[in-house]
**Student:** 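What follows is a single structure, and I will ask about it in a moment.
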2 protein chains.
Amino acid sequence: MTSPVSSKSDPATEALGFAAHDHDHCVETAMAAAEARCNAEGLQFTPVRRKALEILLQEHRALGAYEVLDRLRDAGFGSQPPVAYRALDFLVANGFAHKIERLNAFIACAHPGTSHSPVFMICRLCDSVAEASAGPTRGALGQAARDAGFQIERTVVEAEGICPACSEKAQA
Amino acid sequence: MTSPVSSKSDPATEALGFAAHDHDHCVETAMAAAEARCNAEGLQFTPVRRKALEILLQEHRALGAYEVLDRLRDAGFGSQPPVAYRALDFLVANGFAHKIERLNAFIACAHPGTSHSPVFMICRLCDSVAEASAGPTRGALGQAARDAGFQIERTVVEAEGICPACSEKAQA
DNA sequence: GCGATATATGATATGAGATAACATGACAAG
DNA sequence: CTTGTCATGTTATCTCATATCATATATCGC
């Protein structure tokens with residue numbers, strides 16, 4: 001894992017997945033949405049958890065647990081691994097973030113609120129990650145599972161390849 | 001990772017994925033096929049690599065790199081992690097084995113020879129893993145990638161849930 | 001065959017990801 | 001006010017993975 005520290009362009013207009021967007025705005029929106037849903041569902045949106053989500057949203061890329069931990073420490077929280085893992089577990093369990101198995105890293109959910117089986121596209125050159133939403137058990141996997149009598153509870157769907165931006169760069 | 005040491009029934013007729021089969025035969029067949037393909041393509045099917053594949057085929061479940069390493073050491077090969085990782089990398093790179101990202105573990109390919117994007121079903125109760133073959137970029141993922149202009153090179157598709165055998169046990 | 005180059009193996013050391021186990025603090029229910 | 005639950009924090013340890021350097025074995029061009 002090389003962590004190329006994603007070359008940033010304009011702090012307020014980076015790539016979300018592979019499309020430009022207003023970053024500050026999306027962070028605010030997502031935090032507000034999380035806030036609201038925690039209130040609605042009686043979840044404890046505690047300071048560490050809030051900060052962890054904020055970190056993931058700000059970076060807008062997949063972060064390792066220890067990267068999150070570093071930032072949590074900087075923010076005055078505990079400095080030991082369980083601190084980060086517990087906050088991340090909470091975020092993942094409640095759909096505010098996802099774990100990218102291929103990278104052993106975590107990323108803020110790009111479609112908060114929506115109940116979904118996420119699908120990820122991971123650029124192997126710039127490590128950017130885009131989240132798409134897919135029908136839960138349609139397609140080949142669902143069919144294979146039905147044929148085998150397997151009850152799917154959770155799916156991991158991750159594609160590795162080259163994102164549009166890196167693809168253009170390579171051609172130039 | 002609890003490693004429940006998969007409860008075995010008859011050594012020669014265990015579960016491949018979720019279906020019964022003649023285990024000894026499938027090991028022989030797979031080894032012969034690997035042998036043949038390495039010859040055909042000029043790949044060096046060296047003793048460590050051969051042994052590593054044999055280990056995965058014999059166990060017929062997902063093994064961590066260090067479990068493979070233990071067995072390689074027992075067989076007289078080097079005892080340091082890179083020994084196992086290099087052998088496994090070779091097997092994965094050439095399609096003789098796959099890495100299950102969700103488990104950080106490796107499993108022998110169940111469809112050797114066929115060029116394929118594998119799809120896995122992982123039982124969270126007994127840790128058994130079944131491999132199904134799926135069209136490479138059809139379905140939701142392929143569509144999302146095309147929409148985004150993302151070039152897929154490799155896909156990870158893993159479903160976690162309950163296998164038929166454990167499902168029956170649970171009902172009893 | 002013979003030497004040059006590439007490929008494979010081996011050991012050392014360390015980096016990176018993850019969790020078990022235990023202690024403390026906040027808070028609500030009884 | 002005490003008991004139970006949940007969140008936080010720390011220590012220690014475990015598992016997974018790779019960079020690096022040294023040595024050996026193939027393979028290819030001559």
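Source: prediction; values computed, not measured. Per chain, numbering begins at 1; letters A, B, ... match sequence-line order.
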**Student:** Can you see if the side chain of A/K99 gets near the phosphate of C/dA18 - specifically, an N or O under 4.0 Å from OP1 or OP2?
**Tutor:**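 So the side-chain polar atoms of A/K99 do come within 4.0 Å of the phosphate oxygens OP1 or OP2 of C/dA18, strictly under.
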
**Student:** Taking atom types as modelled, is there a side-chain donor on B/S167 or A/Q151 under 3.5 Å from an acceptor on the other?
**Tutor:**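 Yes.
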
**Student:** For a quick test of reading the model, state the closest non-hydrogen atom pair linking A/A145 to B/M121 and the distance between them.
**Tutor:** CA-SD, 3.5 Å

**Student:** It should be established whether A/T46 places a side-chain nitrogen or oxygen under 4.0 Å from OP1 or OP2 of nucleotide D/dT8.
**Tutor:**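 The answer is yes; a side-chain N or O of A/T46 sits under 4.0 Å from OP1 or OP2.
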
**Student:** Determine the minimum heavy-atom distance between B/I162 and A/F150, stating which atoms define it.
**Tutor:** O-CD1, 3.5 Å

**Student:** Considering heavy-atom distances to DNA chain D, does B/Y66 or B/Q44 have its closest nucleotide positioned more toward the 5' end?
**Tutor:** B/Y66

**Student:** Quick check: any donor-acceptor pair below 3.5 Å linking the side-chain of B/Y85 to the base of D/dA19?
**Tutor:** no

**Student:** Which comes earlier along DNA chain C counting from the 5' end, the contact point of B/P47 or that of B/Q80, where each point is its nearest nucleotide?
**Tutor:**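 Closer to the 5' end of DNA chain C: B/P47.
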
**Student:** Rounded to the nearest Å, what distance is computed from the CG atom of residue B/N39 to the C1' atom of nucleotide D/dT27?
**Tutor:** 15 Å

**Student:** Taking CG from A/L63 and P from C/dG17, how many angstroms apart are they, rounded to a whole number?
**Tutor:**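 Rounding to the nearest Å, CG of A/L63 and P of C/dG17 are 11 Å apart.
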
**Student:** Pairing donors with acceptors under 3.5 angstrom, does anything connect the side chains of A/H111 and A/E131?
**Tutor:**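 No, A/E131 and A/H111 have no side-chain donor paired with an acceptor closer than 3.5 Å.
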
**Student:** So, is A/R49 near the phosphate of D/dT8, with a side-chain N or O under 4.0 Å from OP1 or OP2?
**Tutor:**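 For D/dT8, OP1 or OP2 has a side-chain N or O of A/R49 closer than 4.0 Å.
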
**Student:** Side chain of A/V48 only, heavy atoms from C-beta on: which candidate in C/dT19, C/dG17, D/dG9 is closest?
**Tutor:**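 Nearest listed nucleotide: D/dG9.
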
**Student:** Does A/N104 put a side-chain nitrogen or oxygen below 4.0 Å from OP1 or OP2 of C/dA18?
**Tutor:** yes

**Student:** Quick check: on DNA chain D, is the nucleotide nearest B/F106 upstream (toward 5') of the one nearest B/R86, or the reverse? Name the residue that is more 5'.
**Tutor:** B/F106

